Participant: 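Below you'll find the structure I mean.
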There are 2 protein chains.
Amino acid sequence: MARKRFDDSNCSVARALNEVGDWWSLLIVLQAMYGTRRYVDFQKELGIAKNILCDRLGRLVENQVLTKVDVGEHGCRFEYRLTDKGRELFPVVIALRQWGDRWNPAPDQAPLDLRDRASGRPISPVCVRDADGQPLTIREVCLPGATSADDPAADS
Amino acid sequence: MARKRFDDSNCSVARALNEVGDWWSLLIVLQAMYGTRRYVDFQKELGIAKNILCDRLGRLVENQVLTKVDVGEHGCRFEYRLTDKGRELFPVVIALRQWGDRWNPAPDQAPLDLRDRASGRPISPVCVRDADGQPLTIREVCLPGATSADDPAADS
DNA sequence: AAATAGGGTTGCGTTATGAAACCAAATCAA
DNA sequence: TTGATTTGGTTTCATAACGCAACCCTATTT
């Protein structure tokens with residue numbers, strides 16, 4: 001009946017998706033990372049329905065991904081700002097962006113490249129690394145959650 | 001009316017979410033990374049409704065995240081296997097898992113730790129790195145998609 | 001031939017989403 | 001001081017998605 005939630009799942013991915021796993025939440029976080037803070041700006045940038053935006057902002061605040069701050073300006077009374085928790089979604093968002101750019105490139109534009117503010121050089125692809133910083137593929141990692149002895153990476 | 005899709009969005013995150021941004025798709029990919037390949041096993045492990053599972057598997061195959069392989073075994077005629085595209089969601093899934101473990105730890109169990117299969121040592125936290133491999137926070141990265149000059153990382 | 005298992009599809013009721021209308025507080029303009 | 005604007009919502013309602021159970025078809029065992 002009700003959409004399944006994963007609050008009590010023993011899988012941390014499921015618990016994470018419970019907070020930012022719907023269509024809009026992660027896009028709101030992304031937009032916040034781009035600097036958007038105000039309700040109307042989220043609405044304009046994302047083209048999201050107002051009621052859905054209210055719901056998602058409220059839920060993100062509730063889950064402490066955003067904080068709602070009263071700034072007493074003209075008709076701009078609140079700002080939604082990333083918390084540390086929200087800010088730490090940065091690798092998730094960037095990994096997703098890189099994946100999207102790699103496998104579903106926009107037909108008419110170059111992928112946006114992110115650069116180190118200090119050096120101006122492009123950032124590296126986000127990847128899983130071992131303790132020494134060497135990149136690891138899925139084949140080289142033990143996945144304790146695995147339910148079979150099969151190689152999860154095989155495709156033939 | 002219709003749920004919004006982002007096929008033609010100029011944002012690669014939105015395009016990525018279009019393929020794996022719903023409640024179930026990324027969990028199916030995760031389960032596939034754990035080694036699950038068969039329809040019934042996905043259903044058992046995830047507790048997902050059969051019609052939804054059909055829809056999601058079909059969509060993931062359509063988007064070339066999984067391939068459907070006919071293996072002529074007893075009552076186990078198909079396997080769904082990760083493609084290269086699907087396998088490259090590894091950093092996304094791991095980053096999300098680490099975020100979930102850090103900010104929403106399961107009350108009754110230790111976070112599953114992933115280890116380098118070769119050395120047996122735990123993997124590093126997934127993070128965004130500069131060209132030299134040094135970790136970068138959001139404050140140290142230029143975000144060309146930014147719509148304002150505000151510091152997106154500020155929380156006060 | 002009958003039972004079983006895998007892999008679905010179909011109905012049906014509940015929930016979520018999207019668009020537009022409406023509402024209320026605070027500010028700005030006249 | 002009155003009225004128009006802006007921000008940040010809530011309400012209403014139609015449509016789409018989800019969850020569950022029941023059913024179906026094929027292939028394989030027994």
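Below, chains carry the letters A, B, ... as their sequence lines are ordered, and counting in each starts from 1. All values below were derived from every heavy atom in this structure, side-chain atoms included, with hydrogens, water molecules and symmetry-related copies excluded. Just so we're clear, the structure is a prediction, and the values are computed from it rather than from any experiment.
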Participant: How many Å lie between CZ on Arg5(B) and C1' on dA17(D), as a whole number?
Facilitator: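 Distance, rounded to whole Å: 11 Å.
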Participant: Looking at every strand, decide which applies to Lys44(A) at a 4.0 Å heavy-atom threshold: base, sugar-phosphate, or nothing.
Facilitator: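 No contact at all - Lys44(A) keeps every heavy atom at 4.0 Å or more from the nucleic acid.
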Participant: Calculate, to the nearest 0.5 Å, the distance between atoms CG and CD belonging to Asn63(B) and Glu19(B) respectively.
Facilitator: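 The distance works out to 4.0 Å.
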Participant: Could you please name the option among dG11(C), dG8(C), dG8(D) that lies closest to any side-chain atom of Phe78(A)?
Facilitator: dG8(D)
Participant: Among the candidates dT10(C), dA27(D), dT10(D), find the nucleotide nearest to the side-chain atoms of Tyr39(A).
Facilitator: dT10(D)
Participant: Is Tyr80(B) touching bases, backbone alone, or none of the nucleic acid, heavy atoms closer than 4.0 Å?
Facilitator: sugar-phosphate
Participant: Once you round to the nearest 0.5 Å, how far does CG of Asp22(A) lie from CZ of Arg56(A)?
Facilitator: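 Separation between the atoms: 4.0 Å.
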Participant: Can the positive tip of Lys68(A) be found less than 6.0 Å from the middle of the six-membered ring of Tyr80(A), inside 45° of the ring normal?
Facilitator: no
Participant: Closest nucleotide of DNA chain D for Ile52(B) versus for Leu57(A): which of these residues is on the 5' side?
Facilitator: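 The 5'-side residue here is Leu57(A).
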Participant: For Asp70(A) and dG9(D), give me the distance from atom CG to atom C1', rounded to whole Å.
Facilitator: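 Value for this atom pair: 14 Å.
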Participant: Between Trp24(A) and dG18(C), does any side-chain N or O lie under 4.0 Å from OP1 or OP2?
Facilitator: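 So the side-chain polar atoms of Trp24(A) do come within 4.0 Å of the phosphate oxygens OP1 or OP2 of dG18(C), strictly under.
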Participant: If you look at every strand shown and take non-hydrogen atoms under 4.0 Å, does Asp55(B) touch a base, only sugar-phosphate, or nothing?
Facilitator: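 No contact at all - Asp55(B) keeps every heavy atom at 4.0 Å or more from the nucleic acid.
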Participant: Choose from dG7(C), dG8(D), dT9(C) the nucleotide whose nearest atom is closest to any side-chain atom of Val40(B).
Facilitator: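 Side chain of Val40(B) sits closest to dG7(C).
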Participant: Looking for any heavy atom pair under 4.0 Å, which part of the strands does Asp22(B) touch: base, sugar-phosphate only, or nothing?
Facilitator: nothing
Participant: What do the steps show when you test Arg102(A) against Glu88(B) for salt bridge (charged side-chain N to carboxylate O under 4.0 Å, His left out), and what is the final call?
Facilitator: CA-CA 10 Å; Arg102(A) 177 156 160 68; Glu88(B) 286 198 16; 2.7 Å; yes
Participant: Expressed as a whole number of angstroms, how long is the span from Arg77(B):CZ to dT29(D):P?
Facilitator: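 To the nearest whole Å, that distance equals 12 Å.
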Participant: Specify the separation, in whole Å, of atom CG of Asp41(A) and atom C1' of dG9(D).
Facilitator: 16 Å
Participant: For Arg15(B) and Asn104(A), which I'm curious about, is there any donor-acceptor pair between the side chains at under 3.5 Å?
Facilitator: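 Asn104(A) and Arg15(B) do not have a side-chain donor-acceptor pair below 3.5 Å.
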Participant: Quick check for you: among dG8(C), dA21(C), dG18(C), whose closest atom lies nearest to any side-chain atom of Lys50(A)?
Facilitator: dA21(C)
Participant: Determine the contact category for Arg56(B): base if any of its heavy atoms lies under 4.0 Å from a base atom, sugar-phosphate if only primed atoms, P, OP1 or OP2 are that close, otherwise nothing.
Facilitator: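 Contact class for Arg56(B): sugar-phosphate only.
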